Amino acid sequence: MKEKELRRSLAVLPMGTVMKLTSLTARQIRYYEAQDLVFPQRSDGNRRMYSLNDVDRLLEIKDYLADGVNVAGIKAIYNQQQRAAQEKKSAESQPLTDDDVRRILQDEFIRQGGLGHPAPGIQQQRPF
DNA sequence: ATTCTGACA
DNA sequence: TGTCAGGA
């Protein structure tokens, strides 16, 4: 169930394809990017490359606009969504944070007789 | 043939 | 937002 999300996030669609998939004009699609509503990757000759997730987001933007929500409003919605997602990852959902794991492994290594040398592979671990 | 940026009769 | 210019 992880392979699928990887594919959906692969930027392989050029402008023309996205235009057909969303019924939006190139002008509009570029404008939404300028407003930081979508972040397509760039490829070879500075060409925008969109993922299926990007297309979904554009479709989403499209009907938010149709419902009378302005660009600022849409931006606010995404900001709060990203905010909610961050909180779920750090506190509630995850019993052990990366920081917790690092500290636990460190303590265990010392208890086994190690001398202050961090266990290989985990000493440079930086949470977040 | 396609897409990109900048600009506005 | 449309559309045209001038490049890549």
Side-chain angles (χ1 to χ4, degrees):
Chain A
M1 184 63 97
K2 203 169 187 179
E3 191 80 41
K4 193 166 71 176
E5 284 131 47
L6 193 158
R7 293 185 219 285
R8 292 187 65 71
S9 62
L10 282 184
V12 295
L13 313 175
M15 248 298 275
T17 302
V18 177
M19 289 174 70
K20 292 176 182 175
L21 259 32
T22 63
S23 297
L24 291 169
T25 65
R27 182 78 164 83
Q28 295 174 304
I29 296 172
R30 297 193 189 107
Y31 176 69
Y32 302 149
E33 179 186 355
Q35 300 307 303
D36 296 295
L37 293 181
V38 284
F39 329 97
Q41 289 184 193
R42 293 292 181 136
S43 78
D44 47 305
N46 192 40
R47 281 169 163 55
R48 276 169 263 252
M49 296 302 276
Y50 300 82
S51 69
L52 293 176
N53 284 326
D54 292 326
V55 173
D56 285 340
R57 163 154 288 198
L58 285 170
L59 256 19
E60 208 173 288
I61 293 171
K62 187 186 170 188
D63 39 57
Y64 265 135
L65 258 27
D67 287 336
V69 182
N70 56 51
V71 176
I74 298 175
K75 220 183 292 187
I77 293 174
Y78 288 147
N79 286 329
Q80 69 167 54
Q81 287 185 351
Q82 183 189 321
R83 190 161 214 75
Q86 297 283 300
E87 293 166 29
K88 250 180 187 176
K89 265 183 181 173
S90 59
E92 222 178 305
S93 177
Q94 204 80 52
L96 294 181
T97 66
D98 287 338
D99 201 346
D100 290 327
V101 174
R102 178 178 55 66
R103 180 157 31 65
I104 291 173
L105 291 177
Q106 172 70 296
D107 291 344
E108 179 57 29
F109 179 79
I110 294 176
R111 191 165 295 106
Q112 292 176 340
L115 296 177
H117 294 291
I122 65 171
Q123 73 272 45
Q124 295 300 328
Q125 225 63 329
R126 283 188 300 285
F128 275 76

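The structure presented is a predicted model; accordingly, all values stated were derived computationally and were not measured. Chain letters run A, B, ... following the sequence lines, proteins first, then strands; residues in each count from 1.
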Chemist: B/dT2, B/dT5, C/dG2: which one has an atom nearest the side-chain heavy atoms of A/Q28?
Modeler: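 When the side chain of A/Q28 is considered, C/dG2 is the closest of B/dT2, B/dT5, C/dG2.
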
Chemist: Are A/Y31 and A/Y78 co-members of a hydrophobic cluster defined by side-chain heavy atoms under 4.5 Å apart?
Modeler: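 Yes; A/Y31 is reachable from A/Y78 via cluster members.
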
Chemist: Is there a side-chain contact between A/Y32 and the phosphate of C/dT1, meaning an N or O under 4.0 Å from OP1 or OP2?
Modeler: yes

Chemist: Measuring to OP1 and OP2 of B/dC4, would you say a side-chain N or O of A/R30 lies under 4.0 angstrom away?
Modeler: yes

Chemist: Applying the Watson-Crick and G-U wobble criteria at under 3.5 Å, what pairs with C/dA8? Answer none if nothing qualifies.
Modeler: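 With both distances under 3.5 Å, C/dA8 matches B/dT2.
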
Chemist: Roughly, in whole Å, what's the span from CE in A/M15 to P in B/dT3?
Modeler: 7 Å

Chemist: Same cluster or not: are A/V12 and A/L21 linked, directly or through other Ile, Leu, Val, Met, Phe, Trp or Tyr residues, by side-chain heavy atoms under 4.5 angstrom apart?
Modeler: yes

Chemist: By nearest heavy atom, map A/L65 and A/G45 onto DNA chain C; which one lands nearer the 5' end?
Modeler: A/L65

Chemist: In whole angstroms, how far is the C1' atom of B/dA1 from the CG atom of A/D44?
Modeler: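 Rounded to whole Å, this separation is 14 Å.
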
Chemist: Give a yes/no answer on whether the side chain of A/R42 brings an N or O atom under 4.0 Å of OP1 or OP2 in B/dT5.
Modeler: yes

Chemist: Could you tell me which nucleotide pairs with C/dT3 by Watson-Crick or G-U wobble geometry, both distances under 3.5 Å, or answer none if nothing does?
Modeler: B/dA7

Chemist: Rounded to the nearest Å, what distance is computed from the OH atom of residue A/Y31 to the P atom of nucleotide C/dT3?
Modeler: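 Rounded to whole Å, this separation is 18 Å.
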
Chemist: Using a heavy-atom cut-off of 4.0 Å across all strands, would you classify A/G16 as base, sugar-phosphate, or nothing?
Modeler: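 Sugar-phosphate: the residue A/G16, judged by heavy atoms under 4.0 Å, touches backbone atoms but no base.
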
Chemist: CD of A/E33 versus P of C/dT1: gap in Å, rounded?
Modeler: 15 Å

Chemist: Could you state the NZ-C1' distance from A/K20 to B/dT2, rounded to the nearest angstrom?
Modeler: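 Nearest whole value for this atom pair: 11 Å.
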
Chemist: Donor-acceptor pair, A/K62 side chain versus A/T22 backbone, under 3.5 Å?
Modeler: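 Between the backbone of A/T22 and the side chain of A/K62 there is a qualifying donor-acceptor contact (under 3.5 Å).
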
Chemist: Going by modelled atom types, is there a donor-acceptor pair between the base of C/dT3 and the side chain of A/R27 at under 3.5 Å?
Modeler: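 Checked by distance alone, the answer is yes.
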
Chemist: Please check if the side chain of A/D67 supplies one atom and the backbone of A/V69 the other of a donor-acceptor pair under 3.5 Å.
Modeler: no

Chemist: Could you check A/D100 against A/R103 for salt bridge (Lys or Arg N to Asp or Glu O under 4.0 Å), going step by step and ending with a plain yes or no?
Modeler: CA-CA 5 Å; A/D100 290 327; A/R103 180 157 31 65; 2.8 Å; yes

